[in-house]
Amino acid sequence: MAERVDFVVIGAGMAGVSAAAELAASGSVVIVERESAPGAHSTGRSAALYSQIYGNAPIRALSRASRAFLAAPPEGFAPAPLLQPRGTLFVALAGREAALDAWRAEPDVTAGTEPWTLEQARARVPILAGAPLAAAAYEQDSHDVDVDALLQGYLRQFRARGGRLVPGAEAVAIERRGNRWHVTAGDRAFEADVVVNAAGAWADRVARLAGVREIGLVPKRRTALLVAAPEGHAIAAWPMVIDCEESLYFKYDAGRLLISPADETPVEPCDAQPDELDVAIAVDRYEQLTGQTVRRVLSSWAGLRSFVADRAPAIGFDPEARGFFWLCGQGGYGIQTAPAAARLAAHLATGRAPPADLVAHGVDVAALDPARLRD
Ligand SMILES: Cc1cc2nc3c(=O)[nH]c(=O)nc-3n(C[C@H](O)[C@H](O)[C@H](O)COP(=O)(O)OP(=O)(O)OC[C@H]3O[C@@H](n4cnc5c(N)ncnc54)[C@H](O)[C@@H]3O)c2cc1C
């Protein structure tokens with residue numbers, strides 16, 4: 001016998017959990033998650049950055065609109081601040097000045113960064129002393145996000161509002177019968193008015209299960225690794241350093257340095273594992289830029305950043321399948337955009353207009369509407 005609820009959310013990553021917490025204020029919500037714990041895939045593998053100028057215009061609007069929540073979450077949401085100042089130093093390699101100039105000419109970027117001299121850049125991050133750099137720009141207002149605290153905060157809020165998480169329950173059948181969706185997940189069955197597809201890299205697979213047309217989501221693998229702090233350097237206060245054409249970044253991470261070759265290899269949805277070649281490329285690019293020698297890679301991992309064709313998320317009801325709600329395609333920005341994306345999703349999924357503060361920050365529902373992805 002199927003249990004009757006208002007909403008079934010598929011996937012307990014940052015997207016599913018945050019949206020479910022918002023939805024639980026309006027009705028009964030169940031999250032079904034294939035893994036035994038939330039956050040096991042992309043959410044647990046991110047670089048944990050909040051930057052207002054990373055990503056395209058729809059992403060930046062969602063990021064701006066998420067800032068207030070991340071900087072000052074509701075009382076009792078998290079035991080410690082969710083954001084810690086980090087700063088991001090964007091650099092252009094010699095001969096690539098035009099790329100930094102073109103990027104800095106975008107109005108959001110002009111407003112959000114200041115040009116830095118190479119002396120300033122090298123004073124803040126001394127291992128760039130010999131780096132073949134042409135230009136630099138600094139974003140002050142970027143931060144480390146405590147991803148686990150954010151996820152756990154939303155989970156607590158979700159449960160306090162009566163929501164239930166069912167782990168170890170893969171949605172294996174999703175069927176429209178009459179006015180409701182019937183979802184079979186693990187050994188449970190649910191009947192709901194609305195299904196929220198927050199299945200991350202698997203979102204098109206979930207759509208297929210439900211007999212809904214896909215939106216062309218492409219999971220792209222990204223690799224990260226940790227190395228020891230360069231000897232003799234106090235790295236905790238270093239900004240994140242990123243090549244403005246995104247071929248390399250490195251960032252302080254709990255006493256070590258996180259390095260990524262910023263790879264985007266299209267793959268099938270899976271439990272992504274790092275490829276040795278990508279790890280070697282990351283080490284090589286870092287060594288070339290900084291002149292440092294990496295003696296040992298302490299650990300490495302990979303995760304999936306999933307994009308549709310225009311690299312903006314899909315947030316909204318499917319135009320052809322009543323009650324089927326998309327919340328996916330966050331690419332490399334699903335942590336920093338989660339608070340605004342979750343509120344928007346909850347408003348749209350309950351038939352309300354988008355929150356006025358989100359609109360004031362430039363969040364454009366049409367730019368996120370899954371209908372744009374249909375021909
Ligand atoms: C290396 C790396 C660095 C990143 N850095 C940043 C960053 O600095 N800042 C930032 O904002 N973002 C960053 N991101 C992106 C961010 O991690 C993602 O956008 C975000 O985690 C996506 O969350 P999600 O909930 O959509 O997906 P996921 O966390 O992958 O969750 C989807 C869940 O759905 C479940 N699922 C799938 N199919 C089913 C099914 N049939 N039934 C039940 N459950 C199912 C999966 O098991 C999974 O738990 C990074 C990502 C990577 C890989």
Side-chain angles (χ1 to χ4, degrees), residues 8-20 30-52 54-55 59 62-63 66 70 86 88 142-145 147 150-151 154 165-174 183-186 188 195-210 217 219-225 240 242 249 251 253 258-265 269-272 274 278 282 300-307 313-315 326-339 341-342 345:
V8 170
V9 175
I10 298 173
M14 189 61 81
V17 171
S18 54
V30 161
I31 308 176
V32 297
E33 166 55 51
R34 183 186 46 213
E35 305 294 346
S36 58
H41 288 283
S42 302
T43 296
R45 306 175 190 204
S46 89
L49 180 74
Y50 173 87
S51 159
Q52 298 198 60
Y54 200 32
I59 292 288
L62 286 168
S63 303
S66 295
L70 293 169
R86 171 63 47 207
T88 302
S142 66
H143 304 262
D144 289 343
V145 184
V147 178
L150 182 62
L151 187 69
Y154 275 125
L165 167 70
V166 185
E170 176 174 2
V172 288
I174 307 171
V183 178
T184 308
R188 310 283 295 273
V195 165
V196 177
N197 180 4
W202 291 267
D204 261 349
R205 294 270 174 98
V206 162
R208 227 186 294 159
L209 264 186
L217 190 73
K220 296 187 172 175
R221 189 180 63 224
R222 177 156 289 188
T223 310
L225 49 121
M240 173 161 166
I242 182 165
Y249 63 75
K251 176 178 188 278
D253 187 308
L258 182 160
I259 304 176
S260 173
D263 44 335
E264 286 196 352
T265 309
C270 63
D271 180 6
D278 292 322
S300 61
W301 67 93
L304 302 180
R305 302 156 79 249
S306 299
F307 297 92
I315 307 178
W326 292 89
L327 177 58
C328 66
Q330 298 88 345
Y333 324 97
I335 308 299
Q336 63 179 41
T337 55

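Note that these values count all heavy atoms, side chains included, but never hydrogens, waters or copies made by symmetry. Each ligand, and each atom within it, is numbered from 1 in the order the structure gives.
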Colleague: Quick one: ligand 1 N/O to protein N/O pairs below 3.5 Å?
Modeller:
from: ligand 1; atom 1: 5 (N); to: Ala47; atom 2: N; distance (Å): 2.9
from: ligand 1; atom 1: 8 (O); to: Ala48; atom 2: N; distance (Å): 3.3
from: ligand 1; atom 1: 8 (O); to: Leu49; atom 2: N; distance (Å): 2.9
from: ligand 1; atom 1: 9 (N); to: Leu49; atom 2: O; distance (Å): 3.0
from: ligand 1; atom 1: 11 (O); to: Tyr333; atom 2: O; distance (Å): 3.4
from: ligand 1; atom 1: 11 (O); to: Ile335; atom 2: N; distance (Å): 2.9
from: ligand 1; atom 1: 11 (O); to: Gln336; atom 2: N; distance (Å): 2.8
from: ligand 1; atom 1: 12 (N); to: Gly332; atom 2: O; distance (Å): 2.9
from: ligand 1; atom 1: 17 (O); to: Ser42; atom 2: O; distance (Å): 3.2
from: ligand 1; atom 1: 19 (O); to: Gly331; atom 2: O; distance (Å): 2.9
from: ligand 1; atom 1: 19 (O); to: Gly334; atom 2: N; distance (Å): 3.0
from: ligand 1; atom 1: 21 (O); to: Thr43; atom 2: N; distance (Å): 3.1
from: ligand 1; atom 1: 21 (O); to: Thr43; atom 2: OG1; distance (Å): 3.0
from: ligand 1; atom 1: 23 (O); to: Thr43; atom 2: OG1; distance (Å): 3.3
from: ligand 1; atom 1: 25 (O); to: Met14; atom 2: N; distance (Å): 3.1
from: ligand 1; atom 1: 25 (O); to: Ala15; atom 2: N; distance (Å): 3.0
from: ligand 1; atom 1: 26 (O); to: Gln330; atom 2: OE1; distance (Å): 3.4
from: ligand 1; atom 1: 29 (O); to: Thr43; atom 2: N; distance (Å): 3.0
from: ligand 1; atom 1: 29 (O); to: Thr43; atom 2: OG1; distance (Å): 2.6
from: ligand 1; atom 1: 30 (O); to: Ser42; atom 2: N; distance (Å): 3.2
from: ligand 1; atom 1: 30 (O); to: Ser42; atom 2: OG; distance (Å): 3.4
from: ligand 1; atom 1: 41 (N); to: Ala171; atom 2: O; distance (Å): 3.2
from: ligand 1; atom 1: 42 (N); to: Ala171; atom 2: N; distance (Å): 2.8
from: ligand 1; atom 1: 44 (N); to: Arg34; atom 2: N; distance (Å): 3.1
from: ligand 1; atom 1: 47 (O); to: Glu33; atom 2: OE2; distance (Å): 2.6
from: ligand 1; atom 1: 47 (O); to: Arg34; atom 2: NH2; distance (Å): 3.1
from: ligand 1; atom 1: 49 (O); to: Glu33; atom 2: OE1; distance (Å): 2.8
from: ligand 1; atom 1: 49 (O); to: Glu33; atom 2: OE2; distance (Å): 3.1

Colleague: Are Arg221 and Leu304 side-chain neighbours, meaning at least one heavy-atom pair lies under 4.5 Å?
Modeller: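 With C-beta onward as the side chain, the pair touches.
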Colleague: How close do Gly332 and Tyr54 get, counting heavy atoms only, and between which atoms?
Modeller: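 Here Gly332 and Tyr54 meet closest at O-CE2, 4.2 Å.
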Colleague: Do Pro38 and Leu165 touch side chain to side chain, with heavy atoms closer than 4.5 Å?
Modeller: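 Touching, per the 4.5 Å side-chain cut-off.
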Colleague: Name the orientation class of the two ring planes belonging to His143 and Tyr50 (parallel below 30°, tilted from 30 to 60°, perpendicular beyond 60°).
Modeller: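 Ring orientation of His143 relative to Tyr50: tilted.
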Colleague: Would Arg45 and Asp271 pass as an ion pair if we require N to O under 4.0 Å?
Modeller: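 Salt bridge present between Arg45 and Asp271.
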Colleague: Does the side chain of Val17 come within less than 4.5 Å of Thr43's, by heavy atoms?
Modeller: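 With C-beta onward as the side chain, the pair stays apart.
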